[in-house]
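Quick notes on the structure that follows.
Order of the sequence lines sets the chain letters (A, B, ...), proteins ahead of strands, with each chain counted from 1.
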Amino acid sequence: MVENTIHATQAIVTLDVALPGIIWGWMITLNMWAKSIGTGVILVGAFLLYRHKKEEMPNLRWIMPLISFIALNVFLLFTLVDLHQPYRMINIFLHPNWTSAITVGAWMASLFTGLVTVMMLIGGFDAFPDFRKHCAVGKSVRGISGFYEKIFPFVVFLAIPVTLYTAIIMAESSARELWQAPAEVMQMMWAALLAGSSALILVSDSWSKETRRDLALILAIATFFSFMMYMGEYFFSFKSAEAEATLAFVHSGGSYNVEFWFGMVLGFIIPFFLAVSNMKSENKTLLRFAAILALVGLYLAKDVWLKIPQMLPLS
Amino acid sequence: MKLGFLVDLNLCMGCKGCEIACKVENEVPLSSWRLRVKYIDIGTFPDASRSFTPLRCNHCENAPCERICPVSALHYLENGIVNVDNERCIGCAGCMMACPYGAIYMDPETNTADKCTYCAHRIESGMMPACVVACPVEANIFGDVEDDTSHISQYIMGHQGGIQVRKPEKHTNPKHYYVGGGTYTLDPLAHQRIEGYSLFTNITHLEAVGDKNHGVLDRFLAPFTGHGKLDNKSLIESATDAESHEQEGGH
């Protein structure tokens with residue numbers, strides 16, 4: 001950067017074309033947010049199944065894949081809708097470029113969604129035995145009930161790269177210096193754990209107290225580390241001039257300062273204290289409130305982080 | 001063979017002949033540019049100077065746009081040109097996010113990514129890119145950078161130590177060089193871009209990426225409802241309201 005504050009060195013663009021503004025907007029924010037829920041519930045659900053008996057979470061077997069299925073379909077829908085040529089999405093499968101994280105991610109996410117759909121159908125038909133009792137689909141799905149447990153470990157394993165590939169897309173977006181930090185990978189993982197625990201808290205009414213305490217613990221840890229990651233990025237000046245110029249949008253006086261701090265406070269700080277207090281003395285309502293705040297705050301934080309690097313002129 | 005470009009900024013006089021030639025040759029739609037010349041004023045009157053910087057795709061040897069494109073719509077040609085196949089492009093804008101030089105745009109007529117191709121169609125016929133032909137002072141120099149006898153190689157050798165590329169820290173290995181450039185001209189953060197301060201125009205950002213009338217529903221319905229083929233005339237007609245005219249000024 002060149003010092004612009006004295007008259008002799010001041011440089012101003014006096015004639016140029018109009019530049020594009022925000023290229024990836026709210027649809028991509030929603031896409032990332034929904035994917036965090038979609039993979040997060042599987043990761044957190046697997047942890048709960050490892051720690052507790054199934055009987056403590058009677059509806060987990062069907063509600064976990066159902067939430068994931070809905071979130072993943074929101075994610076896929078907005079991925080598609082954001083394309084300027086949505087019908088050509090098929091080209092990702094017909095003419096894949098394997099160096100692109102978009103391609104690898106699309107294949108993995110499609111496989112993941114397919115497997116989650118199978119789990120949802122099996123879980124749903126098993127949970128409601130009277131539903132479509134004589135229907136051919138119902139019968140055949142109930143006939144492969146054991147398949148659920150067989151594919152579940154693979155789905156949990158696949159949830160990790162599906163969570164993380166967006167960070168690789170951001171890393172491949174080499175024009176956006178802010179996203180080139182390794183912290184992006186961890187941000188994605190914490191976002192998934194935060195969103196997954198929050199989504200499961202909202203449906204955990206009939207679960208045992210211990211499982212809810214574990215959910216509160218995961219939410220507390222995820223909000224704490226998410227906040228730490230953002231603060232690390234916010235304060236430490238180890239980055240390039242471009243990243244520093246980008247962060248000026250969230251620093252004091254920046255146009256995204258308010259949204260950023262709303263995200264931090266709503267999404268991380270308040271839910272952290274509510275979750276910690278809930279581990280000591282349970283209050284279901286407050287825990288649900290924490291979960292909703294965390295989901296709202298996560299959206300705001302992701303939105304800011306997506307948009308600010310796009311505000312800088314590249315040429 | 002590795003084709004490259006060199007612009008001698010000491011020669012460029014900002015006539016924008018290259019910009020116009022490119023527009024005409026490649027039928028680049030309104031609000032889009034494959035090549036543009038940026039004016040930067042340095043200092044304060046009366047101790048001020050003006051510099052002109054032509055900006056186009058750098059045809060990087062390690063092109064981030066080629067790497068991120070999920071369908072290989074952006075691909076290398078044997079002569080080193082990074083070409084774009086807009087019949088295959090899905091319009092994800094990943095390339096626009098990846099290109100450190102902001103050289104890729106979403107074509108509002110086709111709603112696919114597009115950019116400078118060094119006039120690959122002309123090269124194939126043994127002609128020079130349109131911008132090279134149009135330049136009245138031969139500030140644009142084009143040729144094979146791997147051939148030591150080519151004009152561009154000779155020019156580079158003749159200006160050893162004075163050759164620069166944009167954003168070398170990105171490790172993209174651009175095949176687009178500048179002579180006579182400086183931080184002011186080549187670093188977009190080294191100059192201010194103040195809303196409303198530009199000559200002839202008071203807009204700094206486009207209203208939309210691609211066709212602004214190509215909304216979410218249009219993207220899905222266009223093949224069935226006959227979303228009319230856009231050209232410059234229809235783009236002008238869609239922007240005839242007084243407000244947008246005032247915003248765009250006379251540029």
Side-chain angles (χ1 to χ4, degrees), chain A residues 1-4 6-25 27 79-92 94-97 99-106 169-170 172-177 179 240-242 245 309-310 312-315, chain B residues 31 33 36 38-44 47 50 55 64 67-72 88-94 96-103 105-106 111-112 166 169-170 172 183-184 187-194 197-201 203-206 209-210 214 216 219-220 223 251:
Chain A
M1 287 242 278
V2 170
E3 178 59 64
N4 259 316
I6 59 172
H7 285 168
T9 59
Q10 146 175 302
I12 297 176
V13 176
T14 44
L15 181 58
D16 196 10
V17 302
L19 302 177
I22 304 284
I23 297 167
W24 282 351
M27 281 195 251
T79 302
L80 190 68
V81 166
D82 193 59
L83 298 180
H84 285 76
Q85 294 288 349
Y87 291 114
R88 294 189 192 172
M89 176 82 172
I90 192 73
N91 283 351
I92 290 186
L94 299 179
H95 306 285
N97 176 18
T99 64
S100 170
I102 299 174
T103 303
V104 177
I169 294 177
M170 294 169 97
E172 284 193 341
S173 301
S174 49
R176 320 295 162 170
E177 198 70 24
W179 301 340
S240 66
E242 280 167 74
Q310 302 178 56
L312 284 188
L314 295 174
S315 57
Chain B
S31 81
W33 299 267
R36 65 188 221 257
K38 184 163 74 170
Y39 288 22
I40 301 162
D41 285 9
I42 302 161
T44 310
D47 299 316
R50 176 167 292 168
L55 300 163
R67 191 163 55 248
I68 202 172
C69 179
V71 294
S72 295
R88 187 181 281 193
C89 175
I90 63 174
C92 68
M96 296 176 75
M97 300 301 288
C99 175
Y101 310 105
Y105 61 92
M106 193 62 68
N111 281 295
T112 57
R166 289 154 69 198
E169 72 279 5
K170 296 285 185 185
T172 55
T183 311
Y184 284 119
D187 181 353
L189 298 182
H191 41 256
Q192 293 172 286
R193 187 179 278 275
I194 305 171
Y197 269 68
S198 294
L199 296 172
F200 313 128
T201 169
I203 54 166
T204 56
H205 288 90
L206 293 170
V209 175
H214 193 62
V216 167
R219 293 175 191 185
F220 286 93
H251 177 50

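Interface check for chain B: of the options A:Asp82, A:Val81, A:Ile92, A:Ile22, the most heavy-atom pairs under 4.5 Å are formed by A:Val81. Between chain B and the options A:Ser173, A:Ser315, A:Pro309, the largest number of non-hydrogen pairs under 4.5 Å is found for A:Ser315. If you tally non-hydrogen atom pairs under 4.5 Å between each of B:Thr112, B:Thr172, B:Asp47 and chain A, the highest count goes to B:Thr112. With chain B as the partner, the residue from A:Pro86, A:Gly25, A:Pro96 showing the most heavy-atom pairs under 4.5 Å is A:Pro86. Chosen from B:Cys99, B:Pro64, B:Gly94, B:Pro100, the residue pairing most often with chain A at heavy-atom distances under 4.5 Å is B:Pro100.
Atom SG of B:Cys92 sits about 12.0 Å away from atom CG of A:Leu80, to the nearest 0.5 Å. Once rounded to the nearest 0.5 Å, the distance linking OG1 of A:Thr14 with CD1 of B:Ile40 reads 8.0 Å. Note that CZ of B:Arg50 and CG of A:Leu15 are 8.0 Å apart. Values are rounded to the nearest 0.5 Å. One distance of note links CG of A:Leu312 with CG of B:Leu189; it measures 6.0 Å at 0.5 Å rounding. The line from CG of A:Leu83 to SG of B:Cys89 is 9.0 Å long, rounded to the nearest 0.5 Å.
Contact annotation for A:Met27: only side-chain heavy atoms (C-beta onward) come within less than 4.5 Å of a heavy atom of chain B. For B:Tyr101, the part sitting under 4.5 Å from any heavy atom of chain A is the backbone (N, CA, C, O) and nothing else.
B:Ile68 and A:Ile169 get closest at one heavy-atom pair: CD1-O, 3.9 Å. Contact record, A:Ser100 with B:Cys69: CB-O, 3.6 Å, taken as the closest heavy-atom pair. Taking each heavy atom of A:Leu314 and B:Gly102 in turn, the nearest pair found is CB-N, 3.7 Å. Nearest heavy atoms, A:Ala11 versus B:Ile42: CB-CG1, 4.1 Å. When all heavy atoms are compared, the tightest approach of A:Arg176 to B:Met96 is NH2-O, 2.8 Å. When all heavy atoms of B:Phe220 and A:Tyr87 are compared, the closest pair comes out as O-OH, 2.6 Å.
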**OP:** Could you please spell out the steps behind the side-chain hydrogen bond (donor to acceptor under 3.5 Å, both in side chains) verdict for A:Ser174 and B:Arg67?
**Re:** CA-CA 10 Å; A:Ser174 49; B:Arg67 191 163 55 248; 4.7 Å; no
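Residues forming a salt bridge (charged side-chain N to carboxylate O under 4.0 Å, His left out) with B:Lys38 (at least two apart in sequence, or on another chain): none.
The main-chain N or O of A:Asp16 is never found under 3.5 Å from a side-chain atom of B:Arg36 such that the two would form a donor-acceptor pair.
Annotation: side chain of B:Val71 is not in contact with side chain of A:Arg88 (no heavy-atom distance under 4.5 Å). When side chains are defined from C-beta on, A:Gln85 does not count as touching B:Arg88, because their heavy atoms never get closer than 4.5 Å. In this structure, A:Gln310 and B:Met97 have side chains that are in contact, with non-hydrogen atoms separated by less than 4.5 Å. For the pair B:Glu169/A:Ser240, no side-chain contact is recorded, criterion being any heavy-atom separation below 4.5 Å from C-beta on.
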